[in-house]
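Inspection log for the structure reproduced underneath, given as structure tokens.
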Amino acid sequence: MAYLELNNIYKSYGYGDNVTNVLSNINLTIEEGEFVAIVGFTGSGKTTLVNLINGLLKPTSGEVLFKGAPVVGTSHERGVIFQNYSLLPWLTVGQNIYMAVKEAFPQENKMALRQRVKDYVAMVSLSPAINKRPKELSGGMRQRVAVARALAMNPEMIIMDEPLGALDALTRGNLQDEILNIWSQDKRTALLITNDVDEGIYMADRIIPLKPGPNATLGPEFKIDIERPRDKTAMNDNPNYKKTRNEIIAYLMDIGNQRKTVSQEEYVLPDILPKSFVA
Amino acid sequence: MEQEIVLKKEGQGVAFLRPFIAKITPSFNKTKVLSSLKQTGITIVSILLFLALWQLGSKALYNKEANYKIEKALTERGEEAAAAERACIESGDSSCQPNTLPSPLQVWGSLQSLIADHKVITADKAAFVEKMAETNAKLIAQGKDAIVYTGRASFIDIVLTSIKTVFAGFLLALLIAVPIGIIIGLSPSLRSAFNWFIQVFKPVSPVVWYLLVFMIVKTLYIGDSSDNAFVISFISVGLCAMWATLVNTAMGVSSVDKDYINVAKVLKLGTFQKVFKVILPSSLPLIFTGLRITLSVAWMVLIAIELLAQSQGLGLFVWEEFQNGANDSNAKIIVAMFVIGIIGFLLDRIMLSVQNIVSFNKNEMA
């Protein structure tokens with residue numbers, strides 16, 4: 001039995017004539033402890049897919065099975081890191097995380113909860129900023145808070161929806177390492193949604209491209225056979241890396257080109273001259 | 001570096017005061033001081049210009065009415081009467097002064113006489129209480145009601161009554177509109193159920209609200225001789241003013257950022273937690289905008305409602321002075337006008353700073 005299973009998932013928005021089929025025929029299995037990345041173009045329905053898995057959305061047809069049981073609503077077992085951090089701006093870093101751990105561990109006392117908050121804030125090295133509000137933090141710091149909040153609930157599976165999409169390349173690299181570091185400590189199952197092929201290759205065990213929507217579906221999977229821990233600089237010379245990267249990019253370029261429909265219509269432009277305001 | 005987490009209000013107490021502290025202790029920067037001096041200067045010049053225009057206008061109106069009076073005396077009673085009229089006006093005798101827009105100085109004088117009057121009345125009241133202390137003690141011992149001072153209210157008392165009425169009305173509006181707004185904001189079906197009600201009653205005039213409240217309160221107070229003018233006026237003020245808060249609260253609650261709702265779902269917050277930890281904080285800025293409008297509407301309708309309800313406030317004061325038609329009545333009306341305006345301005349400022357404190361900048365947040 002797979003850890004997470006998606007069987008024949010279809011998802012459409014709207015009714016009647018206005019119906020948009022976002023996802024169709026999605027089949028995916030993730031084993032326990034695996035790190036899977038889904039790579040796709042923007043607007044291909046990646047966030048919809050994530051929300052189906054974490055339970056915020058219900059599929060139009062098909063089923064999402066988590067440890068063999070259908071997913072109904074959200075669960076503390078699946079931690080989510082949102083694309084836009086989604087921290088509550090009126091709470092401090094500590095309060096944001098405290099709110100999450102209080103819900104996840106209702107039986108623990110205040111001291112234990114506080115300690116847990118401090119530990120996770122320290123883990124993402126934000127201890128000096130624990131009493132700051134999100135608006136006082138940089139984008140990378142906010143995303144680290146979001147990571148800490150998701151992990152502090154001690155979920156069995158982490159779902160990341162383009163967690164590093166809004167960050168600059170350097171911060172991005174650092175956070176990738178941090179997330180991998182945390183992941184490798186207890187090998188939780190992880191699902192990463194990204195639009196960056198390199199990020200997928202660096203972090204995941206398997207990469208699955210999502211063909212662009214409407215009617216987005218998953219493409220063939222690519223296994224990443226690179227030893228962990230991976231080294232970013234050394235990886236560039238790894239023939240395996242180069243091969244996989246080229247394959248994935250070729251595949252994505254190919255479906256990207258298929259998507260483009262060249263307009264045959266000829267436009268007749270009016271014969272006009274600019275008016276002279278000088279004379 | 002390890003810091004203690006602040007989860008309770010004690011840490012936020014300082015943050016709450018931060019805007020005030022920043023206001024009180026501005027950094028002394030030369031250009032800043034200069035620009036603020038310039039601003040103050042412009043304000044002072046504009047006030048002086050306003051006073052000058054007012055002075056000129058009132059002078060013109062005064063002359064027009066004085067000339068008409070002399071003219072009338074001349075055509076109706078002959079030259080001698082006209083000369084007597086002129087002499088009378090020029091002497092400043094109160095019996096024949098033109099009754100028109102008062103000049104700034106007259107208004108200033110009226111303000112001072114109102115304050116002097118307040119002192120006299122306060123002294124009277126104190127003397128009355130002293131005089132009646134023994135009698136009242138006896139009356140209370142016998143289980144009867146004490147005799148209270150029922151003399152004329154002073155201008156300051158009147159202003160205080162008005163402020164009291166507005167606050168009572170504002171509190172009533174807050175207690176009705178915010179909970180209902182939250183409930184209908186949370187439930188789309190309740191929202192449509194309430195929508196017609198809001199749309200129909202929102203545009204109703206203060207006068208009609210007063211009449212409605214009067215009908216109900218009159219019956220409730222039947223057989224009770226106590227004065228219900230205050231109750232009627234504050235309920236009417238509350239009902240007139242609550243709509244802005246009701247609509248804004250419902251809108252704020254129903255339009256909470258979807259990201260926050262998703263967070264609440266992913267964290268599996270209970271309904272209570274979701275409402276108080278996520279939905280309410282995120283709609284606070286809109287709720288406070290509504291409350292600010294409510295307070296200014298309350299202050300605006302107050303005058304009309306006090307007039308109708310015969311409540312001892314500024315509305316009744318203005319109307320009684322107008323009916324009175326005494327020599328300084330017009331000046332007193334203008335004094336009341338300024339007092340109403342300035343208090344309204346101050347109330348709005350207070351609400352604005354509270355609003356600024358509770359608001360967070362949505363754009364700075366991601």
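Every chain is numbered from 1, with letters handed out A, B, ... down the list of sequences.
Within a 6.0 Å radius of CD in B/Gln39, no more than 12 heavy atoms belonging to other residues, nucleotides or ligands are found.
When only modelled atom types and interatomic distance are considered, A/Arg188 and A/Asn154 share a side-chain donor-acceptor pair under 3.5 Å. Side-chain atoms of A/Ser86 and A/Asn84 form a donor-acceptor pair, as typed in the model, at a separation below 3.5 Å. Side-chain contact check for A/Glu156 and A/Tyr3: at least one donor-acceptor pair (N or O, by modelled atom type) lies under 3.5 Å. One side chain, A/Glu199 or A/Thr194, offers a donor N or O that lies under 3.5 Å from an acceptor on the other. If you check the side chains of A/Glu178 and A/Asn174, you find no donor sitting under 3.5 Å from an acceptor.
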- Message: As a quick check of understanding, evaluate ring-ring contact (aromatic ring centres under 6.0 Å, His included) for B/Trp299 and B/Phe167, giving each step before the final call.
- Response: CA-CA 9 Å; B/Trp299 188 244; B/Phe167 271 102; 8.9 Å; no
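Using a cutoff of 4.0 Å between basic side-chain nitrogens and carboxylate oxygens, A/Glu77 and A/Lys67 are scored as salt-bridged. Electrostatic pairing of A/Asp161 and A/Lys46 does not count as a salt bridge here, judged by no charged N lying under 4.0 Å from a carboxylate O.
With a threshold of 4.5 angstrom between heavy atoms, A/Ala100 approaches chain B through its backbone and through its side chain.
Counting heavy atoms from C-beta on, the side chains of B/Phe288 and B/Ser283 never come closer than 4.5 Å.
Annotation: residues 241-248 of chain B contacts chain A through no residue [non-hydrogen atoms, separation under 4.5 Å]. Residues of residues 184-192 of chain B lying under 4.5 angstrom from chain A, judged on non-hydrogen atoms, do not exist.
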